[in-house]
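Since the structure comes first, as structure tokens, the remarks are kept for the end.
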2 protein chains.
Amino acid sequence: MPVDSGHPEPEGSGLSLRERKKQRTRRVLADTALRLFGERGFDRVTLEELTAHAEVGRTTFFRYYASKEDVAMAAEGELWDAYVARFARHTGPGPALTALRACLTQTILAMPAGWDRRFVASRRLAAGTPVLHHHSLVSSMRTAQRLIEVLERRLDTDSREDVRLRLLGELALGAWRCGARNWVAGRGEHETPVAARRPGHGGPALLARRVEESFDAIPAALALDLP
Amino acid sequence: MPVDSGHPEPEGSGLSLRERKKQRTRRVLADTALRLFGERGFDRVTLEELTAHAEVGRTTFFRYYASKEDVAMAAEGELWDAYVARFARHTGPGPALTALRACLTQTILAMPAGWDRRFVASRRLAAGTPVLHHHSLVSSMRTAQRLIEVLERRLDTDSREDVRLRLLGELALGAWRCGARNWVAGRGEHETPVAARRPGHGGPALLARRVEESFDAIPAALALDLP
DNA sequence: AACATAATGGCACCGAGTCCCGTTTCATGT
DNA sequence: ACATGAAACGGGACTCGGTGCCATTATGTT
């Protein structure tokens, strides 16, 4: 869809009028959703109300988002698309886990301005809404699957032949979940500087840091002893 | 609920008549569900039909299972309950990952007879039904969470303080997912003996073996190199 | 200006899940 | 054996997410 055909509109962001309208509708839906859900709770807002506020028909909504959960967690979806794309582009020898890790932090830091605010709003919703939390888990697992498929192509192997591929994908996203959880909780490895103010949780930089810390902890986790 | 109060029924499995009837209804629902879903597909069977075949009211169904997905994946739920219970009981020093691993394989091997057939039927359904696959992922993630809570109590730590706890929980269930996937696919580390006949997939023993292989592969996965 | 195509939104429909409430079935004490 | 209280049951109405159909409108093209 984002492929450029004839551009009759030299003005704007280089997209056709139709494309710009679609982008705009998509944004309006996501923004209104985050606002309404934040105000009154995910399950106390019906799609009827959401689409009314966004001034689109109910039918149109489903042409932009696959489900009510989907629009609430849109920010996460954008991160995963960017992550998989980056990892697929990434070329270079070295440890696979390091590559997975580097691509993830780079992706986080490269997300467009304002992304972190939308993301943290989603996470806040998910914290109090089981179905949203589930949606988040599933989307991260789907990301692991997509990473594995990239690895399979790169190494020309089947992940059923070599269990290591799947383990790596699972592990990378596991580390992400640890890091993200600690980020929204406002807790760090050692200290949480006062600078980590509530609303933004310190921004993408701190999120990336939390994820790095989780990756760092992997060897120590394997060695953890029970008393 | 399974606590023993006055037992007016010395006959049977040591449960009251009411309790036995409930167990029976629960089984009937799960069995009919697996049969109908297997015959015509998960989303081509309505709850109306399911409850009609099981001869219970629609209302009653939801007193036994939380959702349509839940009854389809009941076998998995039983495994997780048993796993968490065993790990909570498990006492003994040593590497935590080893304990998680041992408890999992022991739990698999200790599941009641016939469990593996129901389980493999569930997995087969899930393979062709996205919502069931999602349900499976979420229930394994919830299990990781429960294991983490056990670890927290054991070590008297918060998993936000010590990222290693969460990483371990994630890793254990990640290894499970790898092993289970290879088991249903009928693929092994090196070879798949002819003995691994289709329907039962070699039974719990082979499943446990696949999971062990996944745990074994963890160090090698961390060291995997990209060309 | 006329045409082709894509997006829109109204409408009817399906089915999962919740709630309420009257009825039935089991457990228990006399 | 029978009465009583509690628990399970099931019918029916309701909400709401999600799908399919189709006429209408808006955009891009010639």
Side-chain angles (χ1 to χ4, degrees), chain A residues 1-12 14-26 28-29 33 36-37 40-73 129-132 134-135, chain B residues 1-12 14-26 28-29 33 36-37 40-73 129-132 134-135:
Chain A
M1 306 300 189
V3 190
D4 48 352
S5 42
H7 287 189
E9 299 288 338
E11 174 269 339
L15 286 167
S16 79
L17 172 60
R18 220 171 221 170
E19 227 49 42
R20 271 181 289 138
K21 274 203 170 182
K22 278 165 64 176
Q23 293 292 341
R24 194 178 142 280
T25 307
R26 201 178 167 79
V28 170
L29 278 172
L36 291 183
F37 294 161
R40 319 208 320 262
F42 180 75
D43 32 16
R44 271 195 293 274
V45 178
T46 68
L47 280 185
E48 202 81 46
E49 300 174 275
L50 169 56
T51 54
H53 276 81
E55 295 180 304
V56 297
R58 249 164 45 90
T59 311
T60 304
F61 172 86
F62 287 102
R63 290 195 182 97
Y64 285 89
Y65 295 96
S67 68
K68 192 183 173 189
E69 291 84 40
D70 217 41
V71 70
M73 307 304 277
T129 316
V131 286
L132 287 182
H134 296 168
H135 183 96
Chain B
M1 304 299 191
V3 191
D4 48 353
S5 42
H7 287 188
E9 300 286 339
E11 175 268 339
L15 285 167
S16 79
L17 173 59
R18 220 172 219 169
E19 225 51 41
R20 272 182 290 136
K21 276 203 170 183
K22 279 165 62 176
Q23 293 291 342
R24 194 178 141 283
T25 307
R26 202 180 167 77
V28 170
L29 279 171
L36 292 182
F37 294 161
R40 319 208 319 263
F42 179 75
D43 33 16
R44 270 195 294 278
V45 178
T46 67
L47 281 185
E48 201 82 45
E49 301 173 274
L50 169 56
T51 54
H53 278 80
E55 293 179 306
V56 297
R58 266 194 32 247
T59 311
T60 304
F61 173 85
F62 288 102
R63 289 196 181 96
Y64 285 89
Y65 295 96
S67 68
K68 192 183 173 189
E69 292 82 40
D70 217 41
V71 71
M73 308 302 280
T129 316
V131 287
L132 288 182
H134 295 168
H135 184 96

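Lettering of chains follows the sequences in order, A, B, ..., and the numbering in each one begins at 1.
Considering every non-hydrogen atom in both B:Thr25 and B:Val56, the closest pair reads CG2-CG1, 3.8 Å. Of all heavy-atom pairs spanning B:Thr51 and B:Arg58, the tightest one is OG1-CG, 3.7 Å.
The separation between A:Lys22 atom NZ and C:dA6 atom P is 10 Å, rounded to whole Å. Atoms CD (A:Glu49) and C1' (D:dG17) sit 14 Å apart, rounded to a whole Å. Going from atom NE2 of A:His135 over to atom C1' of D:dG17 covers 15 Å, rounded to whole Å. One can place CD of B:Gln23 at 16 Å from P of C:dC26, the figure rounded to the nearest angstrom. Rounded to an integer number of Å, the gap from A:Arg26 CZ to C:dT8 C1' is 17 Å. In this structure, A:Leu50 atom CG and D:dG18 atom P are separated by 12 Å, rounded to whole Å.
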Where protein sits on nucleotides 9-19 of chain C, one letter per nucleotide: B base, S sugar-phosphate only, - none, heavy atoms under 4.0 Å: BBB---SSBBB
Restricting both atoms to N or O, compile the protein contacts to nucleotides 4-6 of chain D shorter than 3.5 Å, with distance only.
none

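Partners of B:Glu55 by side chain to side chain contact (heavy atoms under 4.5 Å, CB included), not counting sequence neighbours: none found. For A:Glu48, there are no side-chain hydrogen bond (donor to acceptor under 3.5 Å, both in side chains) partners two or more places apart in sequence or in a different chain. For A:Thr59, the side chain to side chain contact (heavy atoms under 4.5 Å, CB included) partners are A:Arg63, not counting sequence neighbours. With sequence neighbours left out, A:Thr46 forms a side-chain hydrogen bond (donor to acceptor under 3.5 Å, both in side chains) with A:Glu49. With sequence neighbours excluded, the residues satisfying side chain to side chain contact (heavy atoms under 4.5 Å, CB included) with B:Phe62 are B:Leu47. When the ring pair (Phe, Tyr, Trp, His ring centres under 6.0 Å) test is applied to A:Phe42, the partners found at least two apart in sequence or on another chain are A:Phe37. Every residue meeting the side-chain hydrogen bond (donor to acceptor under 3.5 Å, both in side chains) condition with A:Ser67, not counting sequence neighbours, appears here in chain and number order: A:Glu69.
The phosphate of D:dA26 (OP1 or OP2) has no side-chain N or O of A:Lys21 nearer than 4.0 angstrom. When the side-chain nitrogen and oxygen atoms of B:Tyr64 are compared with OP1 and OP2 of D:dA8, none of them lie within a distance under 4.0 Å.
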